[in-house]
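Read the structure below first, then the notes.
Naming convention: chains lettered A, B, ... in sequence-line order (proteins, then strands); numbering from 1 in each chain.
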2 protein chains.
Amino acid sequence: EIFEMAKALFQPQDLSGKSLVITAGPTQEAIDPVRYLSNHSSGKMGFALAQAASERGATVTLIAGPVNLATPAGVNRVDVVSASQMYEAALNSIAGCDVFIGTAAVADYRPSSAADQKIKKDGSGAERTITLIENPDILASIGHHENRPATVIGFAAETQKTEQYAADKLQRKNADAIVANDVSRSDIGFGAANNEVLWVSDQQSVPFGPASKRDVAHFILDQILNLGN
Amino acid sequence: EIFEMAKALFQPQDLSGKSLVITAGPTQEAIDPVRYLSNHSSGKMGFALAQAASERGATVTLIAGPVNLATPAGVNRVDVVSASQMYEAALNSIAGCDVFIGTAAVADYRPSSAADQKIKKDGSGAERTITLIENPDILASIGHHENRPATVIGFAAETQKTEQYAADKLQRKNADAIVANDVSRSDIGFGAANNEVLWVSDQQSVPFGPASKRDVAHFILDQILNLGN
């Protein structure tokens with residue numbers, strides 16, 4: 001703990017003057033007032049990135065889905081619940097933003113309509129269906145935005161074909177890099193303290209870890225500073 | 001805090017020799033390795049009941065869905081994730097059980113099949129559907145079980161017609177009482193520290209609260225001890 005604090009004090013201020021926007025955590029998509037769709041993202045990676053960037057002198061806005069994590073010191077936090085709310089908060093934040101990092105596990109789909117009252121079981125034993133519609137794509141919207149930040153980084157949480165999906169995602173979203181990880185592995189996946197990632201840019205693929213999410217965060221920030229060199 | 005500890009020390013041991021099984025929290029129903037269906041139950045009411053019953057001398061088994069709560073002192077906790085797992089744990093626990101209290105917000109439905117790999121967005125913008133099948137009904141299974149505990153209590157988290165739904169549920173589940181609350185009210189609903197309930201048995205409907213979940217728990221245990229008097 002004291003060692004971590006000492007490391008924080010001696011971070012180079014190499015992000016001083018930079019404005020970062022980071023999304024983190026899952027989103028929740030309402031089915032009715034009681035039920036929702038969500039995913040197992042803990043938000044730890046995004047919070048670690050926000051803390052690391054703040055320690056290195058950046059101005060950080062952290063747009064967080066429903067997570068159970070303390071706000072890192074000096075970070076401006078915006079809490080949201082649904083993907084639509086996160087989309088709106090992200091788009092509202094890109095004016096003046098130098099680096100956008102989308103770590104959030106944004107729900108790809110939401111129920112086409114949320115019921116006003118709790119849906120009752122009819123007791124018939126019959127199957128039901130939920131109709132889902134696509135949520136807005138935050139990373140692609142920012143990657144292709146007319147006010148696109150200079151640097152746009154996405155995450156890809158995959159359970160297979162990690163590098164291939166990351167390379168595809170890099171092109172489709174017009175991102176500068178995708179940070180891919182394999183969430184099927186319990187030692188490094190959602191909720192774990194450690195992470196092992198693959199940094200995929202046009203120029204190179206760089207593996208890192210397994211390492212603490214704090215060290216992975218600093219690795220990612222180092223890679224961002226190296227972009228275009 | 002000290003006042004609460006003192007109250008705990010001086011609880012009457014009026015549940016001494018009784019074995020209680022309490023379910024608590026939400027369940028999570030997997031869509032794929034990353035995504036799930038769940039609900040906003042915090043588990044606080046069930047944990048408060050487990051603590052109160054233990055303080056009053058009962059042997060308590062607490063079957064908990066995924067919640068972020070500490071186990072009350074002296075309580076035997078069984079962690080589960082899905083409704084099917086909770087059903088199995090509950091049925092396995094009823095031998096020798098005197099009182100079953102189902103506070104958990106068990107998912108009524110689960111995806112008919114959970115995908116082995118993360119489902120990819122196809123980018124077509126087309127709607128998708130999730131097919132849902134009914135989960136086993138834990139409360140009804142225990143209410144109608146050949147080894148039914150002497151006392152079976154259910155909860156009803158409703159957003160409308162609270163008393164009517166509770167009375168219906170009492171009959172269908174063969175329960176001794178249903179504790180109903182209106183989760184549409186943010187002051188007493190899921191996650192709130194306080195609760196306001198309606199105890200609905202064949203004999204009477206008794207409102208209680210708003211009060212702390214601890215006081216609601218002791219009210220419910222008092223009502224259980226009064227059953228059949």
When you compare the side chain of A:Ile138 with that of A:Phe100, does any pair of heavy atoms fall below 4.5 Å? yes
Roughly how far, to the nearest 0.5 Å, is CD of A:Gln51 from OG1 of A:Thr71? 11.0 Å
Spatial distance of atom OG (A:Ser141) from atom CG (A:Asn174) [nearest 0.5 Å]: 11.5 Å
Residue-level interface, residues 73-91 of chain A with chain B, non-hydrogen cut-off under 4.5 Å: none
Are there more than 12 heavy atoms of other residues, nucleotides or ligands under 6.0 Å from atom CG of B:Asp116? no
Give me the contact list for residues 20-32 of chain A versus chain B, heavy atoms only, anything under 4.5 Å, ordered by residue number. A:Gln28, A:Ile31
Just wondering, do A:Phe155 and A:Val106 contact through their side chains at under 4.5 Å, heavy atoms? no
I want to check something: taking the side chain as every heavy atom from C-beta on, are B:His218 and B:Ser212 in contact at a cut-off of under 4.5 Å? no
Given side chains that start at C-beta, do those of B:Gln204 and B:Gln223 come closer than 4.5 Å, heavy atoms only? yes
Between CG on residue A:Leu49 and CZ on residue A:Phe219, distance to nearest 0.5 Å: 11.5 Å
Does the side-chain hydrogen bond (donor to acceptor under 3.5 Å, both in side chains) test come out yes or no for A:Glu127 and B:Ser112, once each step is laid out? CA-CA 8 Å; A:Glu127 290 183 349; B:Ser112 55; 5.3 Å; no
Using the test salt bridge (Lys or Arg N to Asp or Glu O under 4.0 Å), find all partners of A:Asp176 that sit at least two apart in sequence or belong to another chain. A:Arg148
Quick check on the structure: residues of residues 34-45 of chain A within a heavy-atom distance below 4.5 Å of chain B, by number. A:Val34, A:Arg35, A:Tyr36, A:Leu37, A:Ser38, A:Asn39, A:His40
Quick one: which of A:Ile94, A:Val99, A:Ile101, A:Leu139 gives a side-chain contact (heavy atoms from CB on, under 4.5 Å) with A:Val152? A:Leu139
Within the 4.5 Å heavy-atom criterion, are B:Glu134 and B:Asp108 side-chain neighbours or not? no
Euclidean distance, A:Ile142 CD1 relative to A:Lys173 NZ, rounded to 0.5 Å: 11.5 Å
